[in-house]
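Inspection log for the structure reproduced underneath, given as structure tokens.
Order of the sequence lines fixes the chain letters, A, B, ..., with proteins taken first and strands second; residue numbering starts at 1 for each chain. Computed from a predicted structure; not experimentally measured.
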Amino acid sequence: MKQGVMRYLGAGLITVAFLGGPMEGAAQADTIQAADTVMAQEGVYNRPFITSVGRTAIGGYVEGNTNWFKEDGVGEGFSMELRRFNIFLFSTISPRIRLISELEFEHGTEEIELETALIDFRVSPSLVLRGGILLPPIGFFNQNHDSPKWNFVERPLVSTEIIPSTLSEVGFGVFGKFFPGTVTLSYDLYLTNGLQDGIIVNDQGRTHIPSGKSEEQFEEDNNGSPAVSGRFAARVPGLGEVGGSFYTAKYNNFVIEGETVDEARRVSIFAFDAQTSQPWGEVRAEFAVANIDVPASLTELFGDRQWGGHIDVTVPIWRPQMGGYSRPSALELGLRLERIDMNVGTFSTTGSNIFDETTALVPSISFRPTSDTVFSFNYRREWHRDMQGNPTAVTAGYQFGFATYF
Amino acid sequence: MPAPQRMSRTRRLQVLLLVSSLLIGCDILVPGLPADNAVLDAPLDGLLPEQLAVHLAGDEDFARRFSPADGVGPTFNATSCDQCHVGEGKGHVMFNLTRFGRMGPDGFDPLREFGGPQLQDRALPGFLPEQIPAAVTGASAFMPPAVTGLGFLEAVDDATLLALQDPDDADGDGISGRVQLVDASTVISEIADLETVVLGDGPTRGTLVDGQFIGRFGRKAGSINLLHQTVNALLQDMGLTTDLFPKDLLNRQTGNFAEDGVADPEIPSGVVNALVFYLKTLRQPLRRNETDPDVVAGDALFGSIGCASCHLPTLRTGLSELPQLSNVAFHPYTDLLLHDMGTELDDGYTEGRALTAEWRTTPLWGLGLSADFQGGQAFFMHDGRALTLTEAIGLHGGEGSASRTAFQALSAEDKDRVLAFLRSL
């Protein structure tokens with residue numbers, strides 16, 4: 001009981017009291033709030049935290065999974081991976097100032113990254129100043145990427161290949177909420193150092209926005225021209241939340257020592273997301289379009305437009321009351337449909353479509369003893385057409401994964 | 001009537017696990033292997049496990065997207081082998097290479113001072129791509145060929161190719177093929193030496209003919225062996241340096257002699273060797289429908305109208321260090337010789353001693369799979385200018401004109417049989 005109260009105090013106080021939201025649910029053992037009660041911008045705080053040390057609370061999550069796939073009949077066999085072990089630190093420095101950080105260990109210690117380290121200063125619920133290493137608010141997933149929140153082992157393709165989640169950048173900005181009637185409106189606006197020229201200069205041989213992420217951007221902007229990102233959203237009680245967001249940045253090193261050495265090239269991403277949580281289940285969707293200025297000699301080989309989207313539907317089919325939990329557990333069926341096109345356009349030589357497309361269908365069966373923990377079994381079938389649109393390569397296989405907050 | 005009993009939770013879970021287990025074991029849900037005769041990237045049968053490991057390492061390098069950090073550029077055409085040779089088949093015309101030069105009183109000049117003979121039409125950010133200089137008298141687009149079965153072509157003895165020559169058309173059949181000869185420069189001699197394997201009385205390939213080496217790979221047969229072809233493609237197509245070609249391509253047209261900043265050689269010899277071994281040990285394409293009566297009849301017609309004079313159905317390898325390639329007959333439908341193809345295909349560009357209208361006979365094996373690797377639309381001839389086989393046959397001039405005329409004189413049914421045969425290759 002004491003632990004439940006503390007966990008409530010962690011997530012509840014953080015997410016609700018700070019921004020002045022409703023206080024219902026105080027007696028719940030589960031700490032993750034559904035999409036119809038918590039807005040996307042609160043994703044970094046919509047997490048459980050264990051008992052605090054002084055004024056600092058500690059939490060985190062861990063996720064792992066198995067893989068067994070074949071592509072056109074050829075597979076690598078069975079393997080297991082521990083994808084992430086993430087540690088959160090939260091501190092209420094004063095009633096108006098709070099700090100949150102997230103340290104990520106990916107694949108053991110293969111990749112260690114300080115994913116979040118930010119300070120919020122609340123002027124009012126409608127005006128909060130934020131600075132540090134933050135998550136630019138493109139779409140829903142980037143700020144709500146914790147694996148225990150999802151019933152699918154893989155992250156959505158649109159959210160990793162078009163929107164380069166998890167995208168964390170150094171910057172500052174403002175966010176807040178307004179409450180006209182029963183509707184809640186939110187906004188986020190940030191200036192950050194932005195993506196860099198790895199978008200083109202990469203080992204993918206094609207335009208790849210995630211390759212534009214760089215450790216260097218935590219130190220300085222590569223071209224002195226910050227990225228601008230923002231998200232505007234509306235939540236209607238009982239219906240859910242819709243959001244529109246953008247991210248735009250000059251990504252290349254076009255100025256060296258004050259001299260212009262290249263044309264400034266811009267990457268812009270526009271996203272639309274929607275989430276609803278109903279008694280019969282939950283739906284999450286995200287769509288994004290990216291426009292990328294590509295050097296003239298690289299066009300066609302490197303796409304100047306990309307798009308993608310996913311729709312996840314999760315339906316609880318059984319809610320057993322298990323010993324030791326104050327709320328029922330849940331057995332859920334899920335289905336994800338997703339598609340990305342990494343190179344929208346036509347070949348100038350033939351006028352035919354440039355493909356480089358992937359479509360995937362992922363049914364899942366998940367069991368949530370509590371909302372903080374998920375065990376998920378996924379079947380994933382993926383259809384890939386290369387740039388020229390040659391006969392579709394089919395990849396299919398099974399994944400079993402677990403993810404839990406701690 | 002008794003009320004139906006509700007399934008217990010345990011039983012539900014058991015049913016769920018059972019259904020899941022059945023799904024996991026269901027082959028329908030997991031894609032199987034494609035038909036053996038529908039793919040080009042299979043290894044030779046009977047490779048030893050150690051050889052297969054090298055083959056697979058080469059396969060991985062063939063598909064690897066090289067990055068600027070690996071040394072791609074500063075100017076280049078593609079960033080991986082399989083961008084041009086998708087599935088080891090023919091490439092899309094989007095990846096056509098352009099080569100240019102100038103015909104002068106002393107012969108053909110590849111205009112190296114302008115970055116010739118190959119146009120690198122892409123460049124890393126911060127560098128400018130090349131453009132075709134005004135001085136050229138000829139430029140040709142080269143569509144990437146299929147790379148399968150190349151080990152067999154390499155294993156044909158020089159003596160076999162020399163015996164196939166008929167430069168003066170002594171037999172009067174209108175066909176006068178001759179071998180390509182490549183100057184024995186220091187680096188070409190080293191390349192020949194590195195690949196020399198003595199299994200009998202002496203080397204049977206990479207021998208000097210009038211002080212030059214026989215070329216056998218490339219549209220103009222400008223490469224003497226797979227090592228030559230590989231290191232040349234790494235440099236010319238991707239801007240990757242090797243031990244044999246250790247200097248980056250520089251854009252002489254802009255006077256920019258800055259390199260890409262990656263230490264040379266950018267590609268270690270182990271990767272080069274794996275790539276060469278991979279190409280050497282790719283199986284020959286398998287035929288489809290070869291027993292179909294129309295295909296059989298088309299095969300006979302193909303020979304009777306003279307196509308098989310250049311597109312020689314059968315060649316024989318000499319001794320090879322790989323038993324699979326040693327002293328075996330195979331069916332590439334090429335003689336690896338240069339032939340005059342007439343004005344229709346004379347782009348004014350050439351290599352080695354080939355005249356501008358001379359082209360090496362393209363192997364026809366794998367022809368029927370072309371569209372599967374070119375985005376659904378097959379492109380034929382050296383630059384993909386023909387969209388159908390009939391159109392391609394119609395472009396055969398020079399030494400091929402008699403066969404073209406004979407094909408055009410066939411009945412519609414017989415033409416279809418010839419085309420059915422070609423599609424079965």
Output the option from [options] having the highest count of non-hydrogen pairs under 4.5 Å with chain A.
options	answer
B/Gln374, B/Gln83, B/Met94	B/Met94
B/Val39, B/Val93, B/Asp70, B/Val86	B/Val86
B/Gly376, B/Pro125, B/Gly384	B/Pro125

Residue selection (most heavy-atom pairs with chain B, distance under 4.5 Å) from A/Thr395, A/Val394, A/Asn390: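 Most pairs with chain B among the choices: A/Asn390.
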Chain B contacts, top residue of A/Leu298, A/Leu301, A/Asn202 (heavy-atom pairs, under 4.5 Å):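 Top count of heavy-atom pairs under 4.5 Å with chain B: A/Leu301.
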Heavy-atom cut-off 4.5 Å, strictly under: side chain, backbone, both or neither for [X] against chain B?
X	result
A/Gln204	backbone
A/Ser297	both
A/Ser348	neither
A/Ile354	neither
A/Tyr379	side chain

Which atoms of [X] come close to chain A, meaning under 4.5 Å heavy atom to heavy atom: side chain ones, backbone ones, both, or neither?
X	value
B/Gln377	neither
B/Phe127	neither
B/Asp82	neither
B/Asp121	backbone
B/Ser67	both

Basic-acidic side-chain contact under 4.0 Å: [X], [Y]:
X	Y	value
A/Asp312	A/Arg336	yes
B/Arg385	B/Asp347	yes
B/Arg283	B/Glu88	no

Taking the six-membered ring for Trp, are A/Phe377 and A/Tyr398 parallel (under 30°), tilted (30 to 60°) or perpendicular (over 60°)?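 If you compare the ring of A/Phe377 with that of A/Tyr398, the planes turn out parallel.
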A/Arg266 atom CZ, neighbour heavy-atom count above 12 within 6.0 Å: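 Enclosed: over 12 neighbouring heavy atoms sit under 6.0 Å from CZ of A/Arg266.
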For atom CD of A/Glu76, is the number of surrounding heavy atoms from other residues, nucleotides or ligands below 6.0 Å larger than 12?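 Counting neighbours around CD of A/Glu76, 12 or fewer heavy atoms of other residues, nucleotides or ligands fall under 6.0 Å, so no.
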Are A/Asn151 and A/Glu332 close enough, and set up right, to give a side-chain hydrogen bond (donor to acceptor under 3.5 Å, both in side chains), and what steps lead you there? CA-CA 8 Å; A/Asn151 281 13; A/Glu332 299 174 329; 2.7 Å; yes
So, is the end of the A/Arg385 side chain (NZ or CZ) under 6.0 Å from the ring centre of A/Phe355 and within 45° of the ring's axis?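 Ring-cation test returns yes.
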What distance do A/Gln388 atom CD and A/Asp356 atom CG have between them, rounded to the nearest 0.5 Å?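 One gets 9.0 Å once the value is rounded to the nearest 0.5 Å.
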Does the pair B/Gln118 and B/Asp237 meet the rule for a side-chain hydrogen bond (donor to acceptor under 3.5 Å, both in side chains), with working shown? CA-CA 8 Å; B/Gln118 186 162 309; B/Asp237 303 354; 2.7 Å; yes
